Number of protein chains: 2
Amino acid sequence: MMKLGARTAPSRSLRPCRVSLGGRAMQRAAALVRRGCCPGTPGPWGRSQSSAAAEASAVLKVRPQRSRRERILTLESMNPQVKAVEYAVRGPIVLKAVELELELQRGIKKPFTEVIRANIGDAQAMGQQPITFLRQVMALCTYPNLLDSPSFPEDAKKRARRILQACGGNSLGSYSASQGVNCIREDVAAYITRRDGGVPADPDNIYLTTGASDGISTILKILVSGGGKSRTGVLIPIPQYPLYSAVISELDAVQVNYYLDEENCWALNVNELRRAVREAKEHCDPKVLCIINPGNPTGQVQSRKCIEDVIHFAWEEKLFLLADEVYQDNVYSPGCRFHSFKKVLHEMGPEYSSNVELASFHSTSKGYMGECGYRGGYMEVINLHPEIKGQLVKLLSVRLCPPVSGQAAMDIVVNPPVPGEESFEQFRREKESVLGDLAKKAKLTEDLFNQVPGVQCNPLQGAMYAFPRIFLPARAVEAAQAHTMAPDMFYCMKLLEETGICVVPGSGFGQREGTYHFRMTILPPVEKLRTVLQKVKEFHIKFLEKYA
Amino acid sequence: MMKLGARTAPSRSLRPCRVSLGGRAMQRAAALVRRGCCPGTPGPWGRSQSSAAAEASAVLKVRPQRSRRERILTLESMNPQVKAVEYAVRGPIVLKAVELELELQRGIKKPFTEVIRANIGDAQAMGQQPITFLRQVMALCTYPNLLDSPSFPEDAKKRARRILQACGGNSLGSYSASQGVNCIREDVAAYITRRDGGVPADPDNIYLTTGASDGISTILKILVSGGGKSRTGVLIPIPQYPLYSAVISELDAVQVNYYLDEENCWALNVNELRRAVREAKEHCDPKVLCIINPGNPTGQVQSRKCIEDVIHFAWEEKLFLLADEVYQDNVYSPGCRFHSFKKVLHEMGPEYSSNVELASFHSTSKGYMGECGYRGGYMEVINLHPEIKGQLVKLLSVRLCPPVSGQAAMDIVVNPPVPGEESFEQFRREKESVLGDLAKKAKLTEDLFNQVPGVQCNPLQGAMYAFPRIFLPARAVEAAQAHTMAPDMFYCMKLLEETGICVVPGSGFGQREGTYHFRMTILPPVEKLRTVLQKVKEFHIKFLEKYA
């Protein structure tokens with residue numbers, strides 16, 4: 001190495017800054033600031049401040065960081081597109097929930113004894129037990145010594161051997177191909193073919209992903225281009241799952257809203273799509289149409305007719321279709337059925353089936369398996385240009401591969417025990433229990449919400465959320481404004497603080513101007529859910545009285 | 001739903017396009033095109049064509065896709081930044097390797113009986129056995145019924161219980177916090193503190209990631225901003241690991257090359273950094289300095305002095321430091337030692353330790369565990385602005401969480417058995433066997449390469465690759481040009497076709513103009529590696545003779 005010239009480096013005998021700057025108090029202040037609670041600067045979630053802000057500010061004033069140089073990476077210098085991202089499902093409401101949990105642990109008295117996280121579709125966190133067969137196969141893949149153990153059923157061992165034989169070095173610890181393990185993609189294709197009554201699926205069109213979110217953001221990343229009036233417009237439903245708006249921000253694309261029809265069970269109306277595209281064309285290039293079916297947060301299940309209308313519209317308007325179908329196993333309302341976009345597309349004949357470009361997404365996280373932590377998912381692409389497939393594989397290669405354990409979990413989701421196999425009976429019981437309970441809870445939630453004055457809840461036809469409309473008195477809206485909070489954020493914060501129930505304000509998903517909602521999962525066990533709903537009801541009535 | 005007006009939809013009785021367009025032949029042609037082999041258009045890897053191109057073209061000419069409308073998503077309409085991405089480690093050379101493997105499986109005779117994938121650091125795919133303890137803990141976490149089994153050691157059960165207790169619903173199937181499971185972040189911080197001889201690490205500064213790649217691309221995503229002359233410049237070593245160039249392309253940042261000193265064991269020379277920054281300032285805003293230590297693909301281990309020089313330079317030039325330290329356990333040369341940037345930064349005193357912004361990265365994929373498939377990793381940030389930490393958590397939240405199984409694997413990497421624990425002896429034996437073999441293979445590879453005329457190989461001080469320089473005759477360079485290939489791609493393709501050995505051309509990592517290299521992993525078992533090296537030697541001598 002060459003030698004450096006003279007330096008201006010300071011003495012090394014001083015202690016590091018973190019210690020000299022006030023220890024715990026400073027750290028606590030920093031943590032508060034980090035939560036977006038510092039007045040004057042917008043929080044990272046682009047939302048309102050909490051009462052902790054003043055405290056953080058006070059601590060910072062007491063102990064200024066005198067010796068610190070200006071940082072390189074600041075809110076001002078950072079990527080503005082990332083700064084613009086919002087993600088409500090894990091936003092300030094969840095940070096508050098964490099804070100309350102810590103306080104409960106420290107023995108601080110609250111009007112409740114536990115925080116109930118009804119903000120996120122995280123089934124196992126709410127006590128749902130994993131499907132035994134899936135975990136058996138995963139354990140066998142993880143520690144193949146168990147393949148000799150008599151305490152595992154043969155059908156689980158057979159699945160595990162099949163997966164391991166397709167892995168490099170017969171190990172989950174090897175990278176897979178960027179597109180995913182071959183035999184798992186084959187199993188996914190076979191599942192889709194069965195699901196769609198024989199409409200063929202090609203393993204070559206299947207890409208395994210790190211949860212569905214990864215697939216959605218990857219395909220959007222490829223789709224987005226242009227500047228000025230030719231910036232890519234991405235149509236998303238309002239209300240939407242905020243992954244979409246977040247990725248659109250990150251990619252600097254244009255979010256084009258189409259509103260679901262709340263008066264009509266959150267149905268998608270093609271006239272509204274038409275309006276959205278017409279208006280969007282004035283300032284961008286609408287190129288992508290995102291559909292969430294069954295709906296998140298809105299829980300509607302699209303009719304076959306509606307899907308056909310959407311596909312025709314996409315064909316007509318030359319829109320690339322993204323079908324987020326992660327709740328395909330979560331359909332509860334009698335008379336509702338899941339129809340995949342792929343199947344309907346195929347049935348509409350070759351002009352559609354050989355032209356409309358479609359990517360559809362599924363995941364290990366939802367359904368009746370609820371394996372969120374494994375981050376498994378797949379994407380099926382239809383009519384993707386061969387060159388673009390090459391680009392897709394290239395882009396996926398940069399991250400090497402999706403977690404192989406998540407891929408294995410995906411395999412069991414699409415390839416569960418079948419009648420005649422040793423594990424089938426137990427699997428069937430477990431599956432029916434989860435889905436039966438969810439159907440019960442969907443009905444219970446709808447019924448109980450609709451008994452509350454000032455609450456109006458569409459049927460939960462599918463998915464795992466209620467998204468009731470709440471009618472807030474003018475004085476509550478004013479109070480929220482005084483706290484620089486969206487009115488439904490104010491409502492949800494109060495609900496959390498008074499009952500420990502954590503739900504997400506409708507403003508995080510988007511809603512028609514002047515309407516307010518929240519999203520609540522129906523994942524707590526039946527009796528607990530009943531209690532939760534009762535508490536929400538009592539809170540709501542008190543809230544109405546207070547701000548009447 | 002509203003009704004649609006008159007449609008122009010065609011008859012539904014026709015078969016779908018895919019079938020009518022020539023079945024297998026068409027699909028095969030499409031597959032070839034997808035591999036970037038179609039003449040006239042650049043392949044997705046931005047590199048050279050293969051002999052399959054003409055074939056693909058011929059098939060396409062015979063069966064044009066007459067009825068297909070123009071696609072929405074094409075090479076022309078796609079995101080140009082994604083199109084610009086290259087990723088050599090899984091580029092055309094690997095597609096060729098897959099093709100050869102399939103041909104071998106089909107019984108087609110080749111001058112070799114197997115393809116040896118020395119292109120990627122994928123230890124278990126090359127036969128390395130997982131560390132037993134890690135897999136035991138993972139199996140226990142996956143299928144907690146095993147916690148009652150007498151065939152698992154108590155220390156593994158203890159680790160598994162600790163991890164599960166920190167997971168929602170005590171399950172790997174729940175989402176974790178976006179930043180990662182708390183107790184695992186604590187274990188990571190404790191590991192760093194031990195590793196760095198007591199320099200404290202704060203769990204609040206630890207972010208668990210989906211492999212190191214995810215951490216690196218996430219922090220770069222936040223760092224990049226500006227347009228024109230204020231576009232963010234990112235300094236990367238040449239040769240580099242191509243994740244860096246790929247992410248820089250994706251983010252439309254400016255890649256600023258600094259060249260490692262091949263004549264001096266690939267050492268980093270601060271004068272060269274200075275030159276790179278000076279020149280970069282003329283057209284961009286150099287803001288980030290990436291260091292890979294131990295080096296990939298170059299295998300050098302930075303001296304403490306060199307790290308101190310780099311930190312001083314970063315301080316002086318106000319550069320945000322990214323330290324890619326995934327090979328921290330892979331140091332072989334006597335006299336070489338791994339020094340973390342964090343530790344050196346701390347030891348340089350408060351002016352540095354409280355000002356220089358640093359993110360460092362580690363992973364489950366390398367070291368002696370080699371658990372690539374689990375996609376586990378962590379990032380430690382130092383001096384990150386509290387507001388930016390909030391932004392980071394927000395951005396991570398959009399993807400919900402890193403795979404929880406990968407987080408659990410990371411826990412065992414940083415928290416392995418210690419003396420006195422039941423599993424320690426076996427763990428120690430397994431660890432020493434892997435690292436001992438790697439050291440042996442590093443020396444063997446250096447020695448054997450340096451016996452080949454026209455090959456020159458620096459010592460493999462660390463990591464798991466050789467990056468020998470190959471001196472190619474002028475006629476070989478001409479032959480490559482005639483195939484529109486980089487000369488070292490041409491060389492590596494020939495090596496693959498004649499010996500089945502898959503290595504990555506130096507042009508995929510970057511190298512000084514007019515020099516040629518390739519990267520080869522040293523992961524095959526010792527005796528197999530010896531054979532591989534012998535084959536490369538024979539190939540090289542024949543190649544020199546042919547193009548002399």
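Heavy-atom basis, side chains included; hydrogens, waters and symmetry copies ignored. Proteins come first, then strands; the chains are lettered A, B, ... in the order of their sequence lines, and each starts at number 1. Here the structure is a predicted model, which means the values were calculated and not measured.
- With a 4.5 Å cut-off on non-hydrogen atoms, B:C167 does not touch chain A at all.
- Contacts between B:E357 and chain A at a heavy-atom distance below 4.5 Å involve the side chain alone, from C-beta outward.
- Using a distance-only test at 3.5 Å, with no hydrogens or angles considered, no donor-acceptor pair links the side chain of B:K287 to the main chain of A:L73.
- For chain A, no part of B:T232 is nearby; none of its heavy atoms comes within less than 4.5 Å.
- At a 4.5 Å heavy-atom cutoff, B:S151 makes no contact with chain A through either its backbone or its side chain.
- The side-chain heavy atoms of B:K221 and A:Q81, taken from C-beta on, include no pair separated by under 4.5 Å.
- Counting only heavy atoms from C-beta outward, the side chains of A:L146 and B:L146 approach each other to under 4.5 Å.
- At a 4.5 Å heavy-atom cutoff, B:L392 makes no contact with chain A through either its backbone or its side chain.
- Here the side chains of B:L395 and A:E250 are in contact, with some heavy-atom distance below 4.5 Å.
- Between the side chain of A:K394 and the main chain of B:V82, a donor-acceptor pair closer than 3.5 Å is present.
- For the pair B:S217 and A:R399, the minimum side-chain heavy-atom distance is below 4.5 Å.
- The closest donor-acceptor contact from the side chain of B:S225 to the backbone of A:S77 lies under 3.5 Å.
- Neither the backbone nor the side chain of B:N170 comes within contact range of chain A; no heavy atoms are under 4.5 Å apart.
- Here B:Q136 pairs with A:Y143 under the side chain to side chain donor-acceptor pair (under 3.5 Å) rule; sequence neighbours left out.
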